[in-house]
Structure formats: C-alpha cells, structure tokens
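Input: a single structure, listed below in structure tokens.
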Amino acid sequence: MSTREYNFADIEAKWQGYWEEIGLFRMDERSPRQKFYALVMFPYPSSVLHVGHGRNYIIGDVVTRYKIMRGFNVLSPIGYDAFGLPAENAAIQDGLHPAISTEQNIKRIRGQLKRWGLGYDWSREIATHEPEYYKWTQWVFLKLYEKGLAYRAEAPVNWCPSCATSLANEEVVAGRCERCEAEVETRYLPQWLFRITDYAQRLLDDLSLLDQWPQRVTVMQANWIGRSVGAQVEFRLAETNQPLPCFTTRPDTLFGVTFMTLAPEHPLIEKIVRDTPGEKEVLKFARRARSLRVQERTTPELEKEGIFTGKYVINPVNDEKVPLWVANYALMEYGTGAVMAVPAHDQRDFEFAKKYGLPIKVVIRPEGEELRSEEMSEAYIEDGIQVNSGKYDGLDNRTAMKRIVEDLAARGRGKEAVAYRIRDWIISRQRYWGAPIPIIYCDKCGEVPVPEEDLPVRLPEKIDFTPKGKSPLATVADFVNTICPHCRGRARRETDTIAQWLCSCWYFLRYLSPHASERPFDPTLVNKWLPVDQYIGGVEHAVLHLLYSRFIVKVLHDQGFVNFKEPFKALFTQGMIVKDGAKMSKSKGNVVSPDELIDKYGADTQRLYTLFIGPPEKDAEWSDRGVLGAFRFLKRLWDLVSEFAGEVKDANIEEIEPEALPPRMRRLHRKTHLTIKKVAEDIERSWHFNTAIAAVMELVNELGASRPQSPAASQPVGPSKAGPSGPSTDGQAAVLKEALEAAVMLLSPFVPHIAEELWETLGHKPSIFHQSWPAYDEEATVAEEIEIPIQINGKLRSRILVEAEATDEEIKSAALADQKVQKHTEGKEIKRTIIVPKRLINLVVK
RNA sequence: GCCGAAGUGGCGGAAUUGGUAGACGCGUCGGACUCAAAAUCCGGUGGGGCUUCAAACCCCGUGGGGGUUCGACUCCCCCCUUCGGCACCA
C-alpha cells in the first residue's frame with residue numbers, strides 16, 4: 001500500500017514556514033487589487049489562550065484566506081492589548097514586573113497564534129504598552145483635550161474596591177465590576193473624563209450606517225445611549241424667583257405636578273436650606289442618600305425616601321406653588337438633577353406621595369372613563385384625555401404635549417429638549433500599568449497639557465505597585481516632580497493613568513504604519529484602508545470597545561485626521577465556546593488547552609472542529625469526541641488523496657464529458673459542482689462554515705464510495721488490477737481528479753496546512769492560496785433524473801423518478817400510475833393537483 | 001417589568017421564497033479485519049404499532065395550545081421555558 005502517514009506535525013511546521021517565507025500575508029501597499037481589511041479583536045496578553053479564544057482568530061483566518069483566494073489585497077494584522085490590571089495584580093501577587101510578565105505572555109501567545117497557522121502580516125505587529133505606541137495614545141488624549149473634550153472634574157465615580165480604581169459606567173454591570181465582579185462603591189474623586197455625551201446624538205444617528213453589524217449590538221448601543229425626547233421646563237423658586245429647570249418626557253402632565261424633588265447631590269440644596277430650621281436634617285439626609293452604593297441607589301426596589309426642604313417652587317403652567325423635596329431616587333447625572341413630580345402619572349412619584357401624604361392630582365384620564373385619585377392604587381401612565389389642565393382640557397395628551405411646550409417656549413419658560421442616558425466617560429485609573437495622562441499641574445499656570453514634542457510621558461520602571469487608593473505613580477518623586485512647560489517653574493505631573501480602552505480605540509489605524517515615529521498613523525494609508533471591511537470579536541465589547549472606538553474615530557474625523565465616520569463597516573460577533581456548560585476559566589478547571597490538542601491531532605483538526613461545532617455566531621459546547629471526529633475526517637481525506645494521486649495525475653479535467661460517463665461518475669461530477677456552489681454560498685451568505693464543511697464531507701463520502709475496491713464501485717477486485725480506473729477510463733480519472741481537487745480547495749481556508757500538502761500531492765505547485773477560488777459549472781449541477789415526492793392530502797405516500805425536464809402532465813400521469821398512489825386514491829375523487837416544479841406533487845382527494 | 005434571541009433524535013446541529021423533517025458529525029448497535037484489542041472499513045439507528053424475522057404498511061413526531069393553507073420547524077394569535085441586554089433615567 002502506498003498510503004503515506006498523515007504526519008500533521010511536520011506538515012504544519014513546513015507550511016507555516018513556507019507562508020512566512022513567501023510573505024503570503026504580507027500586505028502589499030502597491031498592489032492594484034481591491035483592498036480588504038480583515039481585523040480580529042486583538043488579544044489581551046494574560047497568560048495563555050484557550051480553544052475558546054481560538055474561535056475568534058480561526059474565523060478571522062478563514063475570512064483572510066478566502067478573500068485572498070477571491071483576489072483581494074488583504075490586510076490581516078495582529079497585536080496585543082497589553083496594558084491593564086491583571087498584569088499589575090499579578091505583579092502585586094508574585095512580584096514579577098508587569099512589563100516582564102506582559103512580554104513573556106506576548107511571547108507565548110505569539111507562539112500559539114503561529115501554531116494555529118493563522119495568517120497575519122507579522123511585520124505590523126504592535127503592542128499597546130510600548131512607549132512607541134502609547135506615545136500616540138497620549139497624543140489622542142491631547143487632541144481631545146485641545147477641543148475641550150477631555151476635562152477634569154470632581155465626580156462621584158464607580159469605585160471598584162478590589163481593582164482599587166475608578167471605573168467607567170460601561171464597566172459596571174449590575175452594580176458590579178465588569179472585570180472582577182466586586183461590588184462597586186461610590187467615591188468622590190477628581191477624575192479625567194471624555195465628553196462622549198457631546199457625541200451621543202451622532203453615535204446614535206450613525207448606527208444607521210452600520211447595516212452590516214449584528215442588530216443586537218446596535219440595539220444595545222442605542223439603549224445605552226438612551227435618548228429621550230421631552231421638554232426642559234423652567235420652574236422657579238418661590239421666594240427668590242431663581243430658575244430651577246427640570247427635564248420631563250411628559251410635559252402633558254405639568255398640571256398634575258404636586259411637588260418637586262432634587263437629587264441629593266444637587267448643589268442648590270445647601271444654599272436654599274442655609275439658616276433654615278430644617279438645615280441640619282436636610283443636609284444629613286442628602287449625605288446619607290449620596291453614600292448609598294450605586295446598585296442600591298439605582299434599583300426599583302429602593303425604598304423611596306425624601307425630605308422637605310421648607311421651600312416652594314412655582315409651576316410655570318399655572319403659577320401653582322408646590323413644595324420642594326430632596327429624594328433619594330432622583331439622579332444628578334440625568335436631566336438637570338431636579339424632577340417635577342406627578343404622582344398620578346408616574347409610579348415612583350405615586351409611591352413617594354403615598355408615603356409622605358402629598359396630594360395626587362389626576363390630569364390625564366383614560367378615554368371614556370373617569371379616574372379618581374382616591375381610588376388609584378398605582379399611577380396611570382398610559383395615554384388619555386387631558387383633565388384639570390386649564391385650556392388644554394379635552395385634548396388628547398399627545399396633542400396637549402406639543403401645545404404646552406409651544407406655549408411655554410413662547411413665554412420663554414421652556415423648550416423642547418432631549419436627554420441621554422449615557423454619561424461622560426471616566427478615563428482616569430488610579431493604577432500603574434497604563435499610559436500616564438499627559439497633564440502637568442503648575443501653581444502658576446494651572447493645568448497644562450504636555451507639549452506634543454515631549455511625548456511620550458514614560459512610565460517609570462521602578463515602583464511599588466501595592467494599591468493605596470491612589471495611583472502608585474504618586475509615590476515616584478522623579479516622575480511627579482517636573483517643570484512647567486509654560487513658565488519653566490516647578491510643577492507636578494498627573495499621576496493617574498489612561499484607561500486601557502483608549503489604547504484599543506485607535507490601534508486599527510496604527511496597523512497601517514506601525515513603525516511611524518513622527519505621527520500616530522499615515523493619513524493617506526488610513527483613509528484608503530479604513531473603515532475595516534470585516535471586524536470580528538466578542539459581543540462583550542458591545543458598549544465598551546465598540547462604542548468608544550466609534551467615538552474616538554468621530555473625534556479624529558472632526559479634526560480632519562481621518563475622512564471616515566465609522567471605524568468598522570461590518571462586524572461579526574462570534575459565540576462563546578463553553579465546556580461543561582460554563583465559560584472556560586482557570587478557576588472552574590474547564591479550560592481546554594490548544595497546545596495539547598495540537599500535539600495530539602494537529603492545528604488543522606482543532607480548526608476544523610472549531611468551525612464545525614455549530615454556526616459561529618452561536619455559543620457552543622466543546623466536545624472532545626467531536627475533535628476526534630474532525631481528525632478522522634482529515635485522515636480519511638488524506639488517505640483518499642494519497643491513494644488516488646498517482647492514478648489521476650495525468651487526467652485532464654477539461655476533457656470530462658458527462659454523457660460518456662458511467663452513472664456513478666456522472667453523479668460524482670455533479671456532486672462536485674454542487675459542493676463548490678454550496679460552500680461559497682455558505683461562506684458568503686451566512687458564514688455557516690459548519691454546513692460548508694458538512695457539504696465537503698458529503699463529497700468526500702461520495703469519493704470514498706468511488707474507490708476501486710469499494711464493493712459499490714466495482715466487482716470484488718480480481719487478479720487484474722486494472723479496475724474501473726484503468727487506462728480505458730481516462731474520463732473517470734478526470735472526474736476523480738476534479739472531485740479531489742475541489743475537496744482540497746474548498747477546505748483550504750479551514751484546514752490550510754493539510755490542504756497545501758495535498759495540493760502538492762495532487763501534482764501542483766504551492767501555494768494553493770495563490771489559486772483562485774473554484775467556480776462551478778451550472779450545467780454540471782443539473783440532474784437528468786429527479787425524485788419527486790408524492791403527497792396525498794399533504795401526507796407523503798410515495799416517490800417517483802422522473803426526467804428533470806418532465807412536464808406537469810407527465811409528472812401527474814406518472815404519479816397516478818404509481819401503485820401506492822392508486823391504493824390511496826381508490827374509489828376517491830381527485831379534487832385538486834398541486835405540482836411544485838422539480839419539488840413535489842400533492843393530490844387532494846376525497 | 002421592558003427589549004432581543006432561542007427551544008428540532010441519546011448529543012452537537014441540518015432543512016433557499018411554506019414543499020420529502022433529522023443533512024453532516026458524535027454516540028450507539030450489528031458486521032468485516034484481528035489470537036485479541038485499538039485503529040480502519042461496511043451497514044443499521046426519531047418514537048410507536050403490526051409482524052416468527054425481515055420487507056411492506058400504518059400512526060405519532062420540530063416547547064404547549066389554537067389558527068391560516070392542498071401542504072407549516074417555517075406564517076398569524078395565545079401561553080410556557082431558557083439565555084442575553086436594560087432596568088427608579090423623570
């Protein structure tokens with residue numbers, strides 16, 4: 001037997017070396033071919049990657065290789081999101097400097113990526129912790145600072161006690177730290193923020209440009225931005241006439257306002273209660289309410305509490321005087337921090353009013369019904385007809401809403417307004433392992449940005465990482481003490497670092513000119529290559545990385561640095577791979593290591609199984625048995641090609657004449673073309689690699705059945721070895737060759753190493769990826785005979801074989817001639833006949 | 001509570017616009033090869049009924065209940081379950 005061993009280890013090493021050598025994935029800036037930017041979310045270098053991470057990169061690699069074969073000039077870069085807390089926490093634990101552990105991890109991960117056979121342009125590799133990179137992250141910060149989009153404020157922040165740093169709102173999930181799941185506290189600290197709220201409307205509007213994003217991601221972003229349309233209405237303090245604007249989405253209920261509430265943080269509180277009898281009590285209440293933890297403060301379960309300030313405000317629609325309260329459920333960050341309360345038509349206000357005996361005044365009633373406040377057990381929040389609303393009585397509330405706002409606007413006491421749920425983005429981190437914020441504080445000049453030519457502000461290396469609630473950088477005198485760029489006087493540096501999210505907001509621009517030392521990116525190249533044609537990553541970044549990147553790109557666009565508005569044209573979010581029903585994690589002990597798997601079966605097997613496991617956008621359960629199945633398939637393919645290679649070598653595919661072939665070969669020829677058709681459709685239409693692979697498996701099964709020694713293909717092999725693939729059957733050899741080559745090519749983006757090797761076995765010169773993707777012959781996919789199922793009253797009763805071109809009449813008479821059909825129609829009348837061309841016939845009988 | 005996705009054999013999953021439900025793989029059962037095992041190859045495999053066995057045949061079957069249709073995993077209505085996201089945002 002001439003069958004060779006499937007020695008995957010050697011094969012994979014061989015071709016990985018070869019691709020590197022010929023620069024298969026090196027992007028050529030001068031190529032005239034159409035560009036395609038394929039991007040995978042770059043890895044965070046914490047320890048090693050598991051097979052779950054692999055899915056992301058494997059899918060990306062399939063896209064890269066497929067697009068290359070489709071003739072595109074592909075850019076497929078890789079890098080490392082290297083700043084961040086885990087490295088620093090590890091340093092605290094075992095004393096290894098983050099710079100060292102990060103470098104070590106990068107080395108290991110780079111090795112893993114290469115062993116997977118992933119195609120990257122390694123000459124463009126970047127890591128965000130390198131000064132050559134973070135210099136430009138700091139530059140981005142300065143660009144925002146110049147436009148007033150970066151500012152410092154003493155803000156109540158989400159504080160993660162375990163990470164010992166502040167967090168952005170996007171990093172808080174259900175009151176817990178997104179990373180470590182510790183409960184988040186509120187602290188008051190001076191922080192650096194980005195005015196992402198200035199871009200809220202555009203971030204929302206431009207979601208409509210992202211028609212190649214999964215809808216759930218755009219919906220999540222829209223929800224996160226949380227736009228509400230309403231009105232800003234100007235109430236005034238009764239004594240001083242000082243304006244106290246509030247935002248409402250229900251100006252139609254203005255006549256039902258019976259009190260007003262202020263957020264405990266509201267700056268006005270202190271002023272208005274000064275020297276009043278209730279001063280102490282009110283301030284005490286406000287302080288207590290403020291100290292609540294974020295998740296306690298913002299749940300509907302919170303017991304609604306408040307206190308009367310002793311002051312009153314005037315309602316602009318009817319000049320009514322209503323009491324002003326402080327309430328624990330009012331939020332300073334939303335609207336104006338002052339809320340008009342309409343207990344009859346808002347559930348929170350209703351509960352509050354009931355508790356404190358405040359009046360409830362109905363101003364909207366359901367159509368055709370009365371509504372009495374004494375009988376209400378909950379607020380009526382639906383639409384209805386205005387009552388107790390002066391001249392607006394009798395109007396439907398939607399109309400009244402518009403009129404009331406118009407009338408207020410005419411009197412200068414209100415206007416249409418929009419409020420957003422999204423908050424400004426807190427980017428300060430009180431930790432070491434990040435890019436220092438490039439700001440200097442000078443006693444004379446105040447806050448001074450570090451001049452561009454002084455970048456990067458380098459991270460000092462020698463440092464004590466132990467978290468103290470403020471940045472470790474504050475303890476390094478050499479770092480803190482500096483000179484003011486303006487007056488040359490003594491000054492101090494900002495000691496917070498930039499949240500790592502900013503590093504990943506622009507890395508996809510850096511890939512175009514990764515080594516440029518004079519600028520962050522090359523504008524010509526960036527404008528040519530962006531937006532990214534296909535971005536691939538996890539859905540967990542829906543409102544973090546993906547929202548932040550959109551924001552930063554818009555800022556850069558506005559300043560003329562780039563000419564596109566959105567960074568990622570198409571997004572694909574792959575599902576998670578779980579094991580034993582849970583996300584893979586070291587602590588759960590359910591991590592499947594790719595390294596062992598590759599040792600045992602090879603990278604191609606792992607790749608094939610990962611792609612075969614299910615539709616890539618869905619979560620999937622990892623199965624060790626499934627891996628074995630993938631391996632078996634590759635081995636079968638290997639044996640088949642090895643076995644046939646010699647016989648088909650001289651055959652000429654061009655000379656196939658289907659009519660001259662025996663039926664089995666004709667079927668294989670047809671199957672080959674059907675498979676070519678299906679695989680491209682599955683890849684292009686829905687990325688369903690699992691069904692594409694299944695189709696090739698079918699082809700290989702069919703091929704296996706064509707083996708000379710297969711009982712189905714020939715008589716038991718006699719003393720003569722000539723068999724059906726002997727010299728007299730060149731046409732048959734050509735069909736076999738065609739099928740083998742198609743199978744190998746169609747699998748090549750999925751299992752590139754074995755494909756290259758078998759391509760060579762079949763007598764071709766590498767690389768298979770220089771071949772263009774196979775095309776199918778429509779004519780070859782047409783069957784001469786087709787099977788038509790026969791239904792009687794919608795139930796399947798029989799099947800008949802008919803000529804593909806058979807007319808309806810012919811099909812019908814063939815069906816009626818069928819024995820089983822006769823049995824079922826005996827003595828009955830055929831009422832109707834439905835024929836779906838080439839699909840089925842249904843006889844309706846009675 | 002609101003929004004979204006999903007529910008198909010023992011398991012992962014297939015089924016263009018409504019048109020043969022269960023492709024492909026795993027598992028399992030039977031067989032071949034073997035002293036034996038592994039590997040490999042061949043064949044069966046949704047449930048049930050009928051049947052000595054088999055074939056043939058019949059019934060049921062895509063979370064549950066209705067409906068539309070010649071025909072429904074697919075469309076419509078109601079309900080259940082699971083998973084994601086949001087959740088005092090005025």
Starting at atom [atom1] of [X], determine the distance to atom [atom2] of [N], rounded to an integer number of angstrom.
{"X": "A:R797", "N": "B:U20", "atom1": "CZ", "atom2": "P", "result": "16 Å"}
{"X": "A:H824", "N": "B:C59", "atom1": "NE2", "atom2": "C1'", "result": "12 Å"}
{"X": "A:K600", "N": "B:A39", "atom1": "NZ", "atom2": "C1'", "result": "14 Å"}

Ignoring hydrogens and angles, tell me if any N or O in the side chain of A:R550 forms a donor-acceptor pair with the backbone of A:L203 under 3.5 Å. yes

What's [X] touching, base or sugar-phosphate or nothing? Going by heavy atoms closer than 4.0 Å.
{"X": "A:E698", "answer": "sugar-phosphate"}
{"X": "A:L840", "answer": "base"}
{"X": "A:G335", "answer": "nothing"}
{"X": "A:N842", "answer": "base"}
{"X": "A:D349", "answer": "nothing"}
{"X": "A:S228", "answer": "sugar-phosphate"}
{"X": "A:K635", "answer": "nothing"}
{"X": "A:K823", "answer": "sugar-phosphate"}
{"X": "A:R632", "answer": "sugar-phosphate"}
{"X": "A:S623", "answer": "nothing"}
{"X": "A:E787", "answer": "base"}
{"X": "A:A330", "answer": "base"}
{"X": "A:H345", "answer": "nothing"}

Could you please name the partner base of [N], counting Watson-Crick and G-U wobble pairs only when both distances are under 3.5 Å?
{"N": "B:G71", "result": "none"}
{"N": "B:C41", "result": "B:G31"}
{"N": "B:C2", "result": "B:G85"}

Scanning both residues in full, the closest heavy-atom pair of A:V679 with A:A692 reads CG2-O, 3.7 Å

Whether the A:R636 and A:N701 side chains hold a donor-acceptor pair (N or O, under 3.5 Å, no angle test) is what I'd like checked. yes

[options]: which one has an atom nearest the side-chain heavy atoms of [X]?
{"X": "A:F612", "options": "B:C86, B:G12, B:G13", "answer": "B:G12"}
{"X": "A:K820", "options": "B:A21, B:C57, B:C41", "answer": "B:C57"}
{"X": "A:R832", "options": "B:G84, B:C70, B:C24", "answer": "B:C70"}
{"X": "A:I613", "options": "B:C89, B:C70, B:G12", "answer": "B:G12"}
{"X": "A:R625", "options": "B:C26, B:U20, B:G25", "answer": "B:C26"}

Got a salt bridge between A:R290 and A:E265, using NZ or NE/NH1/NH2 to carboxylate O under 4.0 Å? no

Would you call A:R667 and A:E702 a salt bridge, taking side-chain N to carboxylate O under 4.0 Å as the test? yes

Please work out whether the ring planes of A:H545 and A:H541 are parallel, tilted or perpendicular, with thresholds of 30° and 60°. perpendicular

For the pair A:H345 and A:Y380, name the ring-plane relationship: parallel under 30°, tilted 30 to 60°, perpendicular over 60°. perpendicular

Is the base of B:G48 syn or anti, where syn means the angle lies within 90° of 0? anti

For B:C60, take OP1 and OP2 only and decide whether either is under 4.0 Å from a side-chain N or O of A:K795. yes

Quick one: is A:N690 getting a side-chain N or O under 4.0 Å of the B:A14 phosphate, OP1 or OP2? yes

On RNA chain B, check which nucleotide each of A:H688 and A:R839 is closest to and give me the residue with the more 5' one. A:H688

Of A:N328 and A:E681, whose closest RNA chain B nucleotide lies nearer the 5' terminus? A:E681

